[in-house]
Each structure stands twice: as C-alpha cells, then as structure tokens.
Amino acid sequence: MSDATPDTPPKVFFILGGPGSGKGTNCARLVEDFGYTHFSTGDLLREAARSGTSDVAKKIAEHIRAGRIVPSEITVELLRQAIADHPNPIGYVIDGFPRKADQARMFEEGIAKAKGILYYDCSEQTMEDRLLTRGADSSGAEKRDDDVAETIRTRFRVNVQECMPVVESYKQSGRCHVVDANRDRDAVYAETKHLFEQMGEKPLKP
Ligand code: UP5
Ligand code: MG
C-alpha cells in the first residue's frame, strides 16, 4: 500500500452519513465555495461497475444492487487512482467513505490521514423519505436503482452495523464533527461551511 504514497499527502475530508443524509448535496456546495475536488465513492463504484465486464466490475455491481459494502481493497484502489488522476492542492471531499474500519485504516495508513471528518446525523424516516422521492423534485438528483424499499432496508442495516462503528470511533477520538442533517438544505449547508471555516479552510470568495 505504501508504494504509491505521494511525497505530500493530499488534503482530504471525509463526509459521512447514512443513505440519503445529504452527503452528495453538501459536497457539491463545498466544491463551489472552496474549490475542492469531490469524490463520491458510490459514484466511483457505480462508474467502475458500468465501464467494465471484468469480474471486478460484476462484483461491484452485485454488491451495490444488494446494498452491501464492496470489498475495501477495490474501493481504496479506486480512490487512490481518482486522487492521482485529479491533482488538486486545495483538497478533496470524499463522501460515503470510509464505511468500515478496515477501509479507514487502509486509506489513512496508505494514502492520507483525513484533515477533518463530518458526520450527517439524520433519522431513518427522513432518509427513507428523501431516497424514495429522489429524482422527483427540482434538485437535479437522479433516481437510482438502489432507491427501492428492500435495498434501502439493507443499506440502513449495513449503515447501523458496519458504518456507525467507524463514526463512533472517530467521535471518541474527537476527530468527527456531527451535523444535524434533518434540517432544510440551507441550514445543513450553513453549518457545514462554518465547520470547514473553523477547521481553517478558506472559501474562494470571502
Ligand atoms: N436532500 C439532501 N439534503 C436534503 C435536505 N437537507 N432536505 C431535503 N432534501 C434533501 O441526498 C438524497 C436526496 O435527498 C436527494 O434527492 C437530495 O436532493 C435530497 P444526497 O445528497 O444524494 O444524499 P447522500 O447522503 O449522498 O445519499 P446516497 O443515497 O448517495 O447515500 P449512500 O451512502 O446510500 O450511497 P452511496 O452512493 O454513497 O453508496 C451506494 C452504495 O455503494 C452502497 O450502498 C454500497 O453498496 C456501495 N459503497 C461501498 O461499497 N463502499 C463505499 O465506500 C461507498 C459505497
Ligand atoms: Mg451520495
């Protein structure tokens, strides 16, 4: 893992939260305001699943369709490649990752230690309502194949069983900022932006 470590590690922020908590929505606004490059690990994986016929592509597609977590080596490698292909000294917002303890370790030991971590705390009822109506409002978000009731239930279960322990360990180590994501878009983003400024980040336009 260490052979591809750049001399200067990239500046990285992890944006965590359950399915439909608003990770992608807020990252898009962080890109506009701060100039980061945004990688949604879910998007990277969906693209990899679409673009190949290899066993790996098939394996990714199966896991996403079922709402399960894709093996960590695949996801970490995709992220490593994406960062290498898009150099950006301002930094990266990486959404939906790490989802498991081993992913966190692989990334932070092999690529970079996150400068900051945000967790969008959102009720399952709110998240389910958002996922089931994604694509039906004017936000530009598109409906996804995994936004169906049965897969949403699996995504929620995986979130509680596998992703929350990662969030809890980041919280315990004092590295994780928790944002109440049940509120409207502007309120959630205002707090997000404020937290980034508190971490010493500078908006492109003051
Ligand atoms: N919306 C957003 N904020 C709102 C607000 N405050 N008020 C009202 N509406 C709001 O938002 C979801 C919807 O809600 C949108 O319509 C939006 O307009 C509205 P979005 O910003 O898209 O939420 P997000 O948290 O990004 O939800 P997403 O569905 O993308 O989260 P998931 O974590 O489920 O999906 P992801 O793409 O990250 O992962 C998909 C799958 O990939 C996983 O299930 C897994 O199989 C796989 N995966 C891995 O295996 N490993 C990884 O590391 C990452 C993914
Ligand atoms: Mg998303």
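Ligands are counted one by one from 1 in listed order, and the atoms in each one are counted from 1 as well. In this chain, residues are counted from 1 in sequence order. These figures come from a predicted structure and were not determined experimentally.
Proximity annotation for atom 22 (O) of ligand 1: of Arg134, Arg185, Glu142, Arg134 comes nearest, heavy atoms only. Comparing Asn159, Val76, Thr25, Leu16 against atom 11 (O) of ligand 1, the shortest heavy-atom distance belongs to Thr25. The heavy atom nearest to atom 7 (N) of ligand 1, out of those in Arg46, Arg130, Arg65, Lys143, is found in Arg130. Compare Pro19, Gly24, Ala181, Ser139 by their heavy atoms: the one nearest to atom 26 (O) of ligand 1 is in Gly24.
Proximity to Gly18 (heavy-atom distance under 4.0 Å) selects the following atoms of ligand 1: 25 (O). Interface of Leu131 with ligand 1, defined as ligand atoms under 4.0 Å from a residue heavy atom, comprises 29 (O). Set against the non-hydrogen atoms of Thr41, the atoms of ligand 1 under 4.0 Å away are 52 (C), 53 (O), 54 (C). Contact atoms of ligand 1 toward Phe97: 53 (O) (distance under 4.0 Å to a heavy atom of the residue). Using a 4.0 Å cut-off to heavy atoms of Thr75, the atoms of ligand 1 that qualify are 53 (O). The ligand atoms of ligand 1 that sit less than 4.0 angstrom from a heavy atom of Asp184 are 6 (N). Listed by atom number, the atoms of ligand 1 under 4.0 Å from Gly96 heavy atoms are 52 (C), 53 (O), 54 (C).
In terms of protein heavy-atom proximity, atom 49 (C) of ligand 1 is nearest to Leu45 CD1, 3.4 Å. Shortest contact from atom 50 (O) of ligand 1 to any protein heavy atom: Val70 N, 2.6 Å. Protein heavy atom at the shortest distance from atom 27 (O) of ligand 1 is Gly20 N, 2.9 Å. For atom 35 (O) of ligand 1, the closest non-hydrogen atom of the protein is Arg144 NH2, 3.1 Å. The nearest protein atom to atom 43 (C) of ligand 1, hydrogens excluded, is given as Arg99 NH2, 3.8 Å; this is a heavy-atom distance. Ranking protein heavy atoms by distance to atom 24 (P) of ligand 1, first place goes to Lys23 N, 3.5 Å. Among protein heavy atoms, the minimum distance from atom 42 (O) of ligand 1 is reached at Ile64 CG1, 3.8 Å.
Neither the backbone nor the side chain of Asn26 comes within 4.0 Å of ligand 1, counting heavy atoms alone. Within the 4.0 Å heavy-atom criterion, the part of Arg183 lying near ligand 1 is the backbone and not the side chain. Contacts of Ala141 with ligand 1, taken as heavy-atom pairs under 4.0 Å, involve the side chain alone. Contacts between Val158 and ligand 1, counted as non-hydrogen atom pairs separated by less than 4.0 Å, are absent for every part of the residue. Counting heavy atoms under 4.0 Å from ligand 1, residue Arg155 touches it through the side chain alone. At a heavy-atom cutoff of 4.0 Å, ligand 1 is contacted by the backbone of Arg68 but not by its side chain.
The pair Asp147-Arg155 meets the salt-bridge criterion, since a charged nitrogen lies less than 4.0 angstrom from a carboxylate oxygen. Between Lys11 and Glu201 there is a salt bridge, since a side-chain N of the basic residue sits under 4.0 Å from a carboxylate O of the acidic one. Salt-bridge annotation for Glu32 and Arg29: absent, with no side-chain N of the basic residue lying under 4.0 Å from a carboxylate O of the acidic one. Salt bridge annotation for Asp102-Arg105: absent, with no cationic side-chain nitrogen under 4.0 angstrom from a carboxylate oxygen. Note on Lys59 versus Glu62: no salt bridge recorded, every NZ/NE/NH1/NH2 to OD/OE distance being 4.0 Å or above. Arg175 and Glu108 are joined by a salt bridge, as a carboxylate oxygen and a charged side-chain nitrogen come within less than 4.0 angstrom of each other.
Both Tyr170 and Val12 sit in one connected hydrophobic cluster of ILVMFWY residues. Membership requires side-chain heavy atoms under 4.5 Å apart, directly or through other members.
Taking each heavy atom of Ile60 and Leu45 in turn, the nearest pair found is CG2-O, 3.4 Å.
Backbone and side-chain nitrogen or oxygen atoms of Gly22 are examined, and one is located within less than 3.5 angstrom of a nitrogen or oxygen of ligand 1.
Around the CG atom of Asp85, the shell of radius 6.0 Å holds more than 12 heavy atoms that belong to other residues, nucleotides or ligands. The 12-atom threshold is exceeded at CD of Gln198, counting heavy atoms of other residues, nucleotides or ligands nearer than 6.0 Å.
Aromatic pair Phe13/Phe34: centroids not less than 6.0 angstrom apart. A centroid separation of 6.0 Å or more is found between the aromatic rings of His86 and Tyr92. Outside the 6.0 Å centre-distance limit, the rings of Phe39 and Phe97 are not counted as a close aromatic pair.
Side chain of Thr133 to backbone of Asp129: a donor-acceptor contact under 3.5 angstrom is found.
The shortest heavy-atom distance from Gln103 to ligand 1 is under 4.0 Å.
Just one of Thr192, Asn182, Thr25, Asp180 meets the side-chain hydrogen bond (donor to acceptor under 3.5 Å, both in side chains) condition when paired with Tyr120; it is Thr192.
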